[in-house]
Amino acid sequence: MPLFPFTPQGVQDLLNELYALPAPELAVEADAIAINFKLWISNHFSLDTTQIAYLNGMSNSVTNYYGQQCSFCFQNKLGIILNYPDKPDNPSYSKWNTSKNSIIVEADGQGKSNVYGELVFSLTYMK
């Protein structure tokens, strides 16, 4: 699989490729991102040195949670959206990541699951 740009369109293009995989191969990807989010991201996106340093410096508790969220989305072929604004011109900013989701998990009358919604990652620049 090629490296994708770390952009909203790059995320969508990667999901399109992932969700076209046979179920066993998609399950491997879901497990891999859950096990090591940082490695999975760096192996699937074209990141510059600043982005790699930021990713590697992120708290493991945060990236473990992100990995679990993404894995669940992969398993259920849910949308993942990246909101990534342009960097500010002022070099004295800090970057914050957040994840929010609208995922609903239901069990019907026979106990079968119905899962829908999406996961949104947003990067915000703060002064």
Side-chain angles (χ1 to χ4, degrees):
M1 197 173 291
L3 292 178
F4 290 84
F6 191 63
T7 62
Q9 187 60 54
V11 169
Q12 185 58 56
D13 292 344
L14 174 57
L15 287 176
N16 290 342
E17 283 208 22
L18 286 173
Y19 293 170
L21 292 172
E25 290 179 37
L26 181 56
V28 168
E29 295 295 329
D31 288 345
I33 199 167
I35 291 167
N36 192 332
F37 178 84
K38 293 176 186 180
L39 180 63
W40 193 94
I41 293 295
S42 65
N43 285 341
H44 288 80
F45 290 102
S46 177
L47 303 174
D48 65 30
T49 55
T50 304
Q51 290 170 315
I52 292 169
Y54 184 83
L55 176 65
N56 289 334
M58 288 176 69
S59 162
N60 286 338
S61 64
V62 170
T63 57
N64 289 343
Y65 179 66
Y66 288 171
Q68 292 298 318
Q69 289 180 299
C70 289
S71 177
F72 187 80
C73 287
F74 291 1
Q75 293 166 19
N76 292 282
K77 295 186 177 183
L78 299 177
I80 300 175
I81 296 170
L82 174 65
N83 292 325
Y84 197 164
D86 292 333
K87 293 179 187 174
D89 293 331
N90 180 352
S92 62
Y93 64 84
S94 62
K95 182 168 46 175
W96 288 71
N97 294 334
T98 58
S99 70
K100 294 183 181 182
N101 71 68
S102 61
I103 298 172
I104 305 292
V105 180
E106 302 172 331
D108 68 15
Q110 283 75 43
K112 295 184 182 184
S113 67
N114 183 24
V115 180
Y116 54 94
E118 65 187 10
L119 173 61
V120 178
F121 286 98
S122 295
L123 290 101
T124 306
Y125 296 103
M126 311 284 277
K127 287 187 177 190

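With hydrogens and angles ignored, the 3.5 Å screen pairs no side-chain donor or acceptor of Asn76 with any backbone N or O of Leu78. Panel note: side chain Glu17, backbone Leu14; no donor-acceptor pair is recorded below 3.5 Å. For Ser102 (side chain) and Glu118 (main-chain N/O), a donor-acceptor pair under 3.5 Å exists by modelled atom type. Between the side chain of Lys100 and the backbone N or O of Ser122 there is no donor-acceptor pair closer than 3.5 Å.
Taking CG of Asn56 as the reference point, atom CG of Leu39 lies at 9.5 Å (rounded to 0.5 Å). Between atom CD1 of residue Ile104 and atom CG of residue Asn114 there is a gap of 10.0 Å, rounded to the nearest 0.5 Å. With rounding to the nearest 0.5 angstrom, the SG atom of Cys70 is 10.5 Å from the CG atom of Leu18. Note that the OG1 atom of Thr63 and the CE atom of Met58 stand 6.5 Å from one another [nearest 0.5 Å]. Taken to the nearest 0.5 Å, the OH atom of Tyr66 stands 6.5 Å off from the OG1 atom of Thr98. One distance of note links CD of Glu29 with OH of Tyr19; it measures 11.5 Å at 0.5 Å rounding.
Using a 4.5 Å heavy-atom threshold, the side chains of Cys73 and Ile103 count as touching. Between Tyr65 and Ser59 the shortest side-chain heavy-atom distance does not fall below 4.5 Å. Between Phe6 and Asp48, the closest side-chain pair of non-hydrogen atoms is not below 4.5 Å. For the pair Phe72 and Val115, the minimum side-chain heavy-atom distance is below 4.5 Å. Lys77 is listed as a side-chain neighbour of Leu26, based on a closest heavy-atom distance under 4.5 Å. Contact check for Val62 versus Asn97: no side-chain heavy atoms found under the 4.5 Å cut-off. Side-chain atoms of Val120 and Asn83, non-hydrogen and from C-beta on, do get closer than 4.5 Å to each other.
Under the 4.5 Å side-chain contact rule for hydrophobic residues, Leu47 and Tyr54 share a cluster. With hydrophobic clusters built from ILVMFWY side chains whose heavy atoms lie under 4.5 angstrom apart, Tyr116 does not share a cluster with Val105. Both Phe45 and Leu15 are members of a single hydrophobic cluster when ILVMFWY side chains are connected at heavy-atom separations under 4.5 Å. Ile81 and Val11 fall into different hydrophobic clusters, defined by Ile, Leu, Val, Met, Phe, Trp and Tyr side-chain heavy atoms under 4.5 Å apart, directly or through other members.
Gln68 and Asn64 form no side-chain donor-acceptor contact under 3.5 Å, judged by distance and modelled atom types alone.
Taking each heavy atom of Ser99 and Leu119 in turn, the nearest pair found is CB-CD1, 4.1 Å. Here the shortest heavy-atom pairing between Leu3 and Ser42 reads CD2-O, 4.2 Å. Summarising the geometry of Gln110 relative to Asp108, their closest heavy-atom pair is N-OD1, 2.9 Å, with the distance given to 0.1 Å.
Relative orientation of the Trp40 and Phe74 rings is tilted, given thresholds of 30° and 60° on the angle between their planes.
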Please report the C-alpha distance between Leu123 and Leu82 in whole Å, then the side-chain angles of each, then the deciding distance to 0.1 Å, and finally whether the side chain to side chain contact (heavy atoms under 4.5 Å, CB included) criterion is met. CA-CA 8 Å; Leu123 290 101; Leu82 174 65; 3.3 Å; yes

